[in-house]
Amino acid sequence: LSTASLRLPITGAIYDQSPELALTIAADRTVRYSLVETGHAFEPDGPLSEKIRAAAGTVLVVVDDAIWRVQRNRINRYLAQVAGTYRVLVLPGGERNKTLPQALKIIAAMDECGVLRRSTPVIAIGGGVVCDIVGFAASIYRRGVPYVKVPTTLLAQVDVSVAIKTAVNLGGFRNRIGSFWPAELTIIDRSFLSSQSPAEISQGLGEIFKLALIKSECLFDRLEEIPTDWEPDWYVSGAAADLIRLAIEEMAEDLRSNLWEETLARGVDFGHTFSPLIEMRTAQLGHGHVVALDCLLSACIAVEYGLFEYEFLPRLVAVMRRCHLPTQHPAFADADLLWESLIETRKHRDGHQHLPLPSGIGKHTFVENLDRRGLVRAARLMGGLT
Ligand SMILES: NC(=O)c1ccc[n+]([C@@H]2O[C@H](COP(=O)([O-])OP(=O)(O)OC[C@H]3O[C@@H](n4cnc5c(N)ncnc54)[C@H](O)[C@@H]3O)[C@@H](O)[C@H]2O)c1
Ligand SMILES: [Zn+2]
């Protein structure tokens, strides 16, 4: 560039003339991905084996350390049977491990395996954290390579399974960097749930509770019917099959019409308004539990707005107890933290509250004008529920 052209006032010089080239490019893209339920993810003739057999070169299999601890021999035997060559990368689950360095580890392993752009899907076997990190790494490696998810927690089976979102946490914020990148195949195998603790299972029930309250009275009824003395094995058994399938179907129905979140007023964001920041600040609350607490607070806000009947609140509390979900936590009485969470979430919703609130069991609406006083009143109402 000459000195003269550098001095030109940019707006005057360029936009006063009609442009010599003005193009708008628009394209539609169809997305297609499958979820398959199977009794044994590792059956030699199953859909996972089909993918692995068809893969070119060395298959990278990323396994959650909790699964590796209990199924290492089984997974090695299985992979030796169905994969030509493979490499296992074990990663820790847990929210604090949902980091960029973990994603970069996967990317380094993809390089070492010589993953091809289309023909060597990366396999993720683990909870929501491992599935999200693998999905994120797959979405940025060569601008996107295929991957397959085998979610192994109840939460991941009913929620992460259907979604096309991937992410890692950054700078103290949940999912601060991420992408929309569907797994081409997701395998649901309830037998993985037998090694989950009751507390971890109840994290998954937190997301089911969210979905039921906002979208499906039928699902809510099912939650009211689960045995009070359930153990993790109950969720593996046929008795829970309908509950889990219905949760997945309801989730799919809700997400399908807004996969890329063009609309930022989303019913499935119910329970995810105050919870993201609280989850990062209070290490002892897991994702499903903090989501459930957010749902209860949101229901109290809905009562304040006259949208939800006060008489329904004890019914919510009873279902939460049945699901072994917490109904109180000091963070949900901390007005400053709650208000800060709402402000942070507004940014994620493009400057709008888009606050999903139940307007009955299985129905919802949005409000945009919750003020701090209303929030404090709702938090007090929640604190008084026993
Ligand atoms: N992509 C999405 O749309 C989406 C949707 C919902 C949740 N998420 C994400 O999912 C994450 C939560 O998932 P999560 O609850 O599975 O957490 P997680 O992956 O951290 O798993 C919880 C714990 O269980 C262990 N584990 C995994 N499978 C197990 C098994 N079968 N038996 C025993 N232990 C097992 C893990 O190692 C971890 O310690 C959050 O980061 C959340 O943001 C993503
Ligand atoms: Zn969630």
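Read the numbers this way: they start at 1 and go in the same order the structure lists the ligands and their atoms. Both backbone and side-chain heavy atoms feed into the values below; hydrogens, waters and symmetry mates do not.
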Gln157 side chain to Asp189 backbone, donor-acceptor under 3.5 Å: yes
Flag for His287-Glu207: side-chain donor and acceptor within less than 3.5 Å: yes
Side-chain donor-acceptor contact under 3.5 Å, Tyr78 with Asn73: no
Test item, Lys98 contacting ligand 1 (heavy atom, 4.0 angstrom): yes
Close approach, Gly94 and ligand 1, non-hydrogen under 4.0 angstrom: yes
Heavy-atom distances under 4.0 Å are what count here, so tell me which part of [X] touches ligand 1: side chain, backbone, both or neither.
X      : result
Leu155 : side chain
Asp65  : side chain
Leu193 : neither
Thr152 : both

Considering only N, O or S atoms of His272, the one closest to the Zn ion (ligand 2): NE2
Which N, O or S atom of Glu207 lies nearest to the Zn ion (ligand 2), by name: OE2
Phe274 and His272 aromatic centres sub-6.0 Å: no
Distance flag, aromatic centroids of Phe136 and Trp181, threshold under 6.0 Å: no
Electrostatic pair Arg322-Glu225, nearest N-O below 4.0 angstrom: no
Would one find more than 12 heavy atoms of other residues, nucleotides or ligands at under 6.0 Å from atom [atom1] of [X]?
X      : atom1 : result
Arg74  : CZ    : yes
His329 : NE2   : yes
Arg96  : CZ    : no

Under a 4.0 angstrom heavy-atom cut-off, which atoms of ligand 1 come close to [X]?
X      : result
Asp64  : 27 (C), 36 (C), 37 (O)
Ala66  : 25 (C), 26 (N), 34 (N), 35 (C), 37 (O)
Ala163 : 2 (C), 3 (O)

How far is [atom] from the closest protein heavy atom, and which atom is that?
atom                    : value
atom 44 (C) of ligand 1 : Asp132 OD2, 3.2 Å
atom 32 (N) of ligand 1 : Ser195 OG, 2.8 Å
atom 40 (C) of ligand 1 : Glu95 OE1, 3.1 Å

